[in-house]
Number of protein chains: 2
Amino acid sequence: MAAVQKVPDIVVGRLPVYLRALQVMAAEGREITSSQELGERLGISSAQIRKDLSYFGTFGKQGTGYRIPDLIEHLRRILKVDRTWDMILIGAGNLGHALAQYQGFTPRGFRLVAIFDNDPEKIGRPIGPHVIQDVQELPEFVRAHRVQIAMIAVPASAAQQVADLCVEAGIRAILNYAPIHLKVPKRILVQYIDPAIHLQQMTYYLGNEG
Amino acid sequence: MAAVQKVPDIVVGRLPVYLRALQVMAAEGREITSSQELGERLGISSAQIRKDLSYFGTFGKQGTGYRIPDLIEHLRRILKVDRTWDMILIGAGNLGHALAQYQGFTPRGFRLVAIFDNDPEKIGRPIGPHVIQDVQELPEFVRAHRVQIAMIAVPASAAQQVADLCVEAGIRAILNYAPIHLKVPKRILVQYIDPAIHLQQMTYYLGNEG
DNA sequence: ACGTGTGAATTAGTTCACAGCT
DNA sequence: AGCTGTGAACTAATTCACACGT
């Protein structure tokens, strides 16, 4: 069955996790896997994996399982990472530097094409292959290069303003590292990364001994 | 009603988000809010917020709403961040440096107490107030200081090994930045941060024009 | 004999809607 | 008049379990 019905967000959210695990298996030289094996690796039920995949098609072979390279290709196509997406980064602090140097984007479908900051001390300095640009140049850059994805790594106090600028410039998806909820039009996709949120989720379950 | 029934994980996962938003409001000088206002800020229904809070007690006043400082205190107590948790960091690369310098942990209940790496070039070097220690010293340090939380910021190839070492040393909660799923005993809490996963979730929804 | 794909059954999560307090 | 807290109603997600193809 093709993806005619709307796929639940929660299912879409698991696909990249499946893809990552499959790529690990491929790197191990594995050719075939099963929903059961994949589920065991990820702590997910095999039924869940089969059901999730069934929203998009039928990729396995009964009695055998899934050919890893094939399933990887299908997932890459479904997630649209069978191409490379340009991204910009705003914020050239410690986190910005780490993101700028991160080698993990390229093999997974993403490429950083520009870094912006508003600090005159930083503008013009190199980070890896890039030079920090004035955030004022962001709108023109985004329009000229048709960039759709931005990563925001500025302080909380500046994040909303930067987000507004991005949206105005035509950015359609934001990965926000600032610890605030962004107010953006519904059409804009936003994902949040905030380590303290994850840590606080865990401390709830940690005993009081600490 | 007190937290007698088991609280769903998904509810626990939202509490830190509520807390963060309330702290923003408090910083704005606000004293009172309502489930409706909070929900609008976060894109969540007011009923959801009231229901979530009802797992833990009744914190609001009918006709009025919630006193922000009080609700913050309740959430901090519920999440056990009304104290400071010691954390260690393994991996002193770009990301490790960013995490080591991050000012956002302290105000939210966390304190980095040690940084480890296995690279002889890095061991002994300072990062902010810390000195990078040999990962060999990790077990003794964790035991001596009763550290319960570790952040893993090493390459994927080393992450499982580091996680095993942490678990063996007595770590109970792991925030893993390496792009692999960790195999750990069920009693260990693990949270994952992987920007590519978030990006791939968004590209699913982005049109094909890019 | 094995593992997929999938309706059906079950469980979990969200929203409704309103009594009750301020 | 306004907003909480919460059972009840509803919707969503997960798991079950098995027919079917290899």
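Every chain is numbered from 1, with letters handed out A, B, ... down the list of sequences. Everything quoted here is computed from the prediction, not taken from an experiment.
Rounded to an integer number of Å, the gap from A/Arg14 CZ to D/dT15 C1' is 12 Å. Here the C1' atom of nucleotide C/dT14 and the CD1 atom of A/Ile10 are 13 Å apart, to the nearest Å. At whole-Å resolution of the value, OH in B/Tyr55 and P in C/dT14 are 8 Å apart. In this structure, A/Arg67 atom CZ and C/dT4 atom P are separated by 15 Å, rounded to whole Å. The nearest whole Å value for the distance from the CZ atom in A/Phe59 to the P atom in C/dG5 is 8 Å. Across the protein-nucleic acid pair, B/Ile68 atom CD1 and D/dC3 atom P stand 14 Å apart, rounded to whole Å. When the C1' atom of C/dT4 is taken as reference, atom CZ of A/Phe56 falls 17 Å away, rounded to whole Å. Between the CD1 atom of A/Ile32 and the P atom of C/dT4 there is a distance of 11 Å, rounded to whole Å.
A donor-acceptor contact closer than 3.5 angstrom is absent between the side chains of A/Ser54 and A/Arg50.
For A/Tyr66 and C/dG5, the shortest distance from a side-chain N or O to OP1 or OP2 is below 4.0 Å. Between B/Thr58 and D/dG5, a side-chain N or O to OP1/OP2 separation shorter than 4.0 Å is present.
In the displayed structure, B/Arg143 atom CZ is contacted under 6.0 Å by more than 12 heavy atoms of other residues, nucleotides or ligands. Within a 6.0 Å sphere centred on CD of A/Glu73, heavy atoms belonging to other residues, nucleotides or ligands number more than 12.
Side chain B/Gln62 to base C/dT22: no donor-acceptor pair is found below 3.5 Å.
Distance alone, capped at 3.5 Å, places no donor-acceptor pair between the A/Gln148 side chain and the A/Arg146 backbone.
Taking the six-membered ring where the residue is Trp, the centroids of A/His198 and B/Tyr192 are separated by 6.0 Å or more.
Considering A/Leu71, A/Val11, A/Thr58 as possible partners of A/Leu53, the one that fulfils the side-chain contact (heavy atoms from CB on, under 4.5 Å) test is A/Leu71.
Under 4.0 Å is where a charged nitrogen must lie from a carboxylate oxygen, and between A/Glu40 and B/Lys183 no such pair does.
For the segment residues 45-53 of chain A, the set of residues with a heavy atom within less than 4.0 Å of an atom of DNA chain C comprises A/Arg50, A/Lys51, in numerical order. Of the residues in residues 34-43 of chain A, those with a non-hydrogen atom less than 4.0 angstrom from any atom of DNA chain C are A/Ser34, A/Ser35.
Contact record, B/His181 with A/Gly43: NE2-N, 4.4 Å, taken as the closest heavy-atom pair.
Seen from the ring of A/Tyr204, B/Lys80 counts as a face-on cation partner, given the 6.0 Å and 45° thresholds.
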